[in-house]
Each structure stands twice: as C-alpha cells, then as structure tokens.
Amino acid sequence: MAKRDYYEVLGVARGASADEIKKAYRKKAKELHPDRNKDDPEAETQFKEVNEAYDALKDPERKAAYDRFGHAAFEGGMGGGAGARPGGFGPGQGDFASAFSDVFDDLFGDFMGGRGGAGARQRAARGADLRYNLRVTLEEAYTGLQKTITVRGSVACPSCEGTGAEGGAEPVSCPTCSGMGKVRAQQGFFTVERTCPTCGGLGQIIKNPCTACAGSGRVERERALSVNIPAGVETGTRIRLAGEGDAGMRGGPPGDLYIFIEVSPHHIFERDGTELHCRVPVSMPTAALGGDIEVPTIDGGRSRVKIPAGSQSGRQMRLRGKGMPALRGGGHGDMFIELAVETPVNLTSRQKELLREFEALSEDNNPESKSFFSSVKSFWDNMKG
C-alpha cells in the first residue's frame, strides 16, 4: 500500500512553517491517540502515521530531503551527512517516542517544571515567600518613615553554611537521576518525567547530613530588618523586599518578603486616595456674619480659612495641596472641610432675649416668613379650640 503524502497526513500545505506543522501534529495526535479511540482499531495505525509524518517534517534537513525526493528520501541509501541515520532518514520506534515526547514536553512541560537540570533544581530549592502585615498611622503615611521590623523565618544554617552537609562538605550528584533531579520512564507512547525519589528533585544527595539542620541547610531564626516606608502609602500597598524570605534548601536562592500596609483610622481626617476630608465646627454668628477660622492639617500645622457670610451646614471648602502625597510622586492632593454650624446651648437670659429680638427683627424684615409663622400659630390655636 502506497504511503500518503506527509503534508496530507498532517493536514498542512507544502511550505508550512515549523510552528504550523507542530500545531497540526498536536491536534492530530490528540484526536487519534489510542487511549481516546479504544473502539477504533484504525486509530493506532493512523496515530503512528501522524507521528511518522511529524518526525520526518519537524527536522529541517529531513524536511528538505522529503520536499526534494518524497518518500524515497527515507529509503535505504538516500540519506547522508550529519543528519543521516542507519538505513536513511526513516523514523524508527525510538524516534517515534522522541517525537511524541517533544510535543508532550511542549504541552505539559510548564506544569511539570520542564525538563530536569539546573533550572529544575533551582526552582525546587528556592525558599518560600513571607508576608508581614505592618500598621502605620495616617501621619506616618503622610511623611513616610524608616521602620525596624522583626521577622521569623528560615536562614542559611551557620554550621554547614547552607550546604546541609556535615562540616560544610559539598553534596554529591544523585546516582539515581545523574544530577538531573528527574527520572524518565517509557509508558507506551508516552515518555513521563517524575521527580527523582532519591534526591527529591534537587539533583544532589548528602552522605553526612549536618546535625544542626538535619541536612536541610537552613534553621529557624528571628531577624530584624529595616524597612523604608515611602510617603503616600495606603491600606493595601505592598512592599517587596527581594531575597528576605525563607532561605532556600541546601544553598538554593531565598524567597522574598512582602510587607502589606494597613493605615489606621484617624480621629479627625478621612482619606480618599490623595484627598483628605474633615468636618469643622463653626459658630452660628461666624456662619451668619462671616469670619476667619483655623483648621488643623495632617502635617501638624494649622491653616486659616475665610468663612463667607451666610454659610450653611454641609458647605464644603477646598484647601489645595493640603492632602496626602501621591505614592509615586506628582505632588499632593487637596483637603476638603465641611462646615458644621453649631446651635448655641446653655444660653443666659440676656442671650435668649437677644435671640428673641433677632427673631422678631427677622420676621419684620421678611413678610413671607412672618405670614408663614402666623398661619402656623392660627392652625394650632384652632386645633386647641
């Protein structure tokens, strides 16, 4: 039976790029895999045909030979040079497994940590990240500060200098995985990688573990760290201190320390981003006649504010540049004050007399108001009658 054209098998056009060929192979391999087509006896044959086509076209030299000579390029005697194999270019059983393994790594390598080697060992040995919750006052968030915190976590063992070996001796390469940190096993068409059971993925073993750290290369300690809190932080701000997390296993890189800021509520000011809001009491005469008052500011000073005559409760006034600083520069926000006109209490007889006189004068100057109050009085008199 004549072989089908490899491009036809994969469903791509001649001249397709390497990425297009790989994508087509992935799709076909998933569709025709025997485990997904147990009731279709032809699926395994088609699956092998797809892998044979991909193995021939994924290599630039073999692809060029196929484009020139067709299937004859893979028959005995046609191949040559560095890319040649015994019996020509033709894919064998080992190449078939290798081809599928390549795509398996492409599809699932990120979830399995990629292939073995130094990179895998480094990821496995990295120390954990730590979190520290830090509460600051609104004044501290305004000015910024340098603060010393105490963090408990793992540090490199001083006895073995982080190697995990007694006396500081160097670990040796794991004989099971040859230092790769992973072992590979052939399961049917799959080549599966697993973490080495002997070294736990580190690629190294210790013959004489350190007694102080039991071979881990790290011990628990409390550390004092100086942290720079920039001006303008707010609740939820995260500060990263690289390399200040837990120490890595056996000399691996340390993790990071993340400081999460929480700004305490203030008894005067309410914060909204870079803006500050506060309520300011104003006497009734000042609200009516106008005048100047002093209001506190977050920097510890006081600002003079001119109150217009006839101001009512709830009126807002803006003090530009008296708010919080922007975290990444860009000046300060504004401060908004809300007037709260106070009604006088515990009046003396003379004060009450003056207020009654003021009320009478107000009615005389405002006929509509006088008519309104007269109507109300008449209503209540009728109700009593």
Side-chain angles (χ1 to χ4, degrees), residues 110-114 119-158 162 200-202 213 216-279 296-301 319-338:
D110 290 340
F111 299 99
M112 298 179 63
R121 292 197 301 274
Q122 188 181 46
R123 287 192 295 273
R126 183 182 184 274
D129 293 335
L130 298 179
R131 171 176 178 147
Y132 187 93
N133 296 326
L134 179 62
R135 176 174 288 189
V136 298
T137 65
L138 187 62
E139 288 85 356
E140 290 173 332
Y142 175 81
T143 60
L145 74 155
Q146 196 79 18
K147 200 171 186 69
T148 300
I149 62 174
T150 301
V151 179
R152 184 170 185 82
S154 58
V155 298
C157 175
L202 297 177
C213 63
S216 68
R218 55 187 187 177
V219 292
E220 290 288 321
R221 290 286 189 274
E222 282 192 349
R223 296 174 293 147
L225 298 175
S226 180
V227 183
N228 179 41
I229 309 299
V233 295
E234 56 186 314
T235 297
T237 297
R238 187 182 71 172
I239 300 173
R240 173 175 172 262
L241 299 182
E244 296 294 349
D246 277 343
M249 288 283 289
R250 299 179 189 172
D256 299 331
L257 172 64
Y258 291 91
I259 299 175
F260 286 79
I261 301 296
E262 179 185 355
V263 180
S264 301
H266 198 272
H267 65 288
I268 295 178
F269 300 105
E270 290 186 6
R271 181 178 183 178
D272 182 11
T274 59
E275 296 178 353
L276 290 177
H277 298 260
C278 69
R279 287 174 58 87
T297 53
I298 190 62
D299 59 3
L319 298 181
R320 295 189 181 276
K322 293 296 183 180
M324 296 293 291
L327 180 58
R328 294 176 178 83
H332 290 65
D334 299 331
M335 173 178 162
F336 293 86
I337 63 172
E338 181 181 331

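All figures in this text were calculated on a predicted structure; none of them were measured in a lab.
Sorted by first then second residue, the ring-ring contact (aromatic ring centres under 6.0 Å, His included) pairs that include residues 225-251, not counting sequence neighbours, number zero. Among residues at least two apart or in separate chains, ring-ring contact (aromatic ring centres under 6.0 Å, His included) pairs with a member in residues 129-150 are Tyr142-His332. For residues 143-155, there are no salt bridge (charged side-chain N to carboxylate O under 4.0 Å, His left out) pairs, not counting sequence neighbours.
Contacts of Arg279 classified as salt bridge (charged side-chain N to carboxylate O under 4.0 Å, His left out), with partners at least two apart in sequence or in another chain: Glu338. Ser154 meets the side chain to side chain contact (heavy atoms under 4.5 Å, CB included) test with Arg218, Glu220, Asp246, Ala247; sequence neighbours excluded. Looking at residues two or more places apart in sequence or on another chain, you find a side chain to side chain contact (heavy atoms under 4.5 Å, CB included) between Ala242 and Arg240, Asp256. Partners of Ser264 by side chain to side chain contact (heavy atoms under 4.5 Å, CB included), not counting sequence neighbours, listed by chain and number: Arg135. Partners of Glu244 by side chain to side chain donor-acceptor pair (under 3.5 Å), not counting sequence neighbours, listed by chain and number: Arg223. With sequence neighbours excluded, the residues satisfying ring-ring contact (aromatic ring centres under 6.0 Å, His included) with Phe336 are His277. Partners of Thr143 under the side chain to side chain contact (heavy atoms under 4.5 Å, CB included) rule, at least two apart in sequence or in another chain, do not exist in this structure. Residues meeting the side chain to side chain donor-acceptor pair (under 3.5 Å) test with Ser226, sequence neighbours left out: Gln146.
Between Leu319 and Asp334 there is no side-chain heavy-atom pair separated by less than 4.5 Å. The side-chain heavy atoms of Leu327 and Thr237, taken from C-beta on, include a pair separated by under 4.5 Å. Side-chain contact between Ile149 and Ile259 is present, with heavy atoms from C-beta onward closer than 4.5 Å.
A distance of 9.5 Å separates CG in Leu134 from CD in Glu262, rounded to the nearest 0.5 Å.
Minimum interatomic distance between Ile239 and Asn228 (heavy atoms only, all atoms of both residues): CD1-O, 4.2 Å. Here the closest non-hydrogen pair linking Thr297 and Lys322 is CG2-CD, 4.3 Å. The shortest non-hydrogen separation linking Gly162 to Ala156 is CA-CB, 4.3 Å.
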**Request:** Start with the C-alpha distance between Tyr258 and Asp129, add both sets of side-chain angles, then the distance that settles side-chain contact (heavy atoms from CB on, under 4.5 Å), and finish with yes or no.
**Result:** CA-CA 7 Å; Tyr258 291 91; Asp129 293 335; 3.8 Å; yes
**Request:** Begin from the C-alpha positions of Thr137 and Val263 and carry the test side-chain contact (heavy atoms from CB on, under 4.5 Å) through to its verdict.
**Result:** CA-CA 6 Å; Thr137 65; Val263 180; over 6 Å; no
**Request:** Evaluate the side-chain contact (heavy atoms from CB on, under 4.5 Å) criterion for residues Glu139 and His266: first the C-alpha distance (whole Å), next the side-chain angles of each, then the deciding distance (0.1 Å), finally the verdict.
**Result:** CA-CA 9 Å; Glu139 288 85 356; His266 198 272; 2.6 Å; yes
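Among Leu241, Val227, Leu225, the one residue that satisfies the side chain to side chain contact (heavy atoms under 4.5 Å, CB included) test with Val151 is Leu225.
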Give the table of side-chain donor-acceptor pairs shorter than 3.5 Å for residues 268-275, with sequence neighbours excluded, one pair per line with atom names and distance.
| from | atom 1 | to | atom 2 | distance (Å) |
| --- | --- | --- | --- | --- |
| Arg271 | NE | Gly273 | O | 2.8 |
| Arg271 | NH1 | Val233 | O | 2.7 |
| Arg271 | NH2 | Gly232 | O | 3.1 |
| Arg271 | NH2 | Val233 | O | 3.3 |

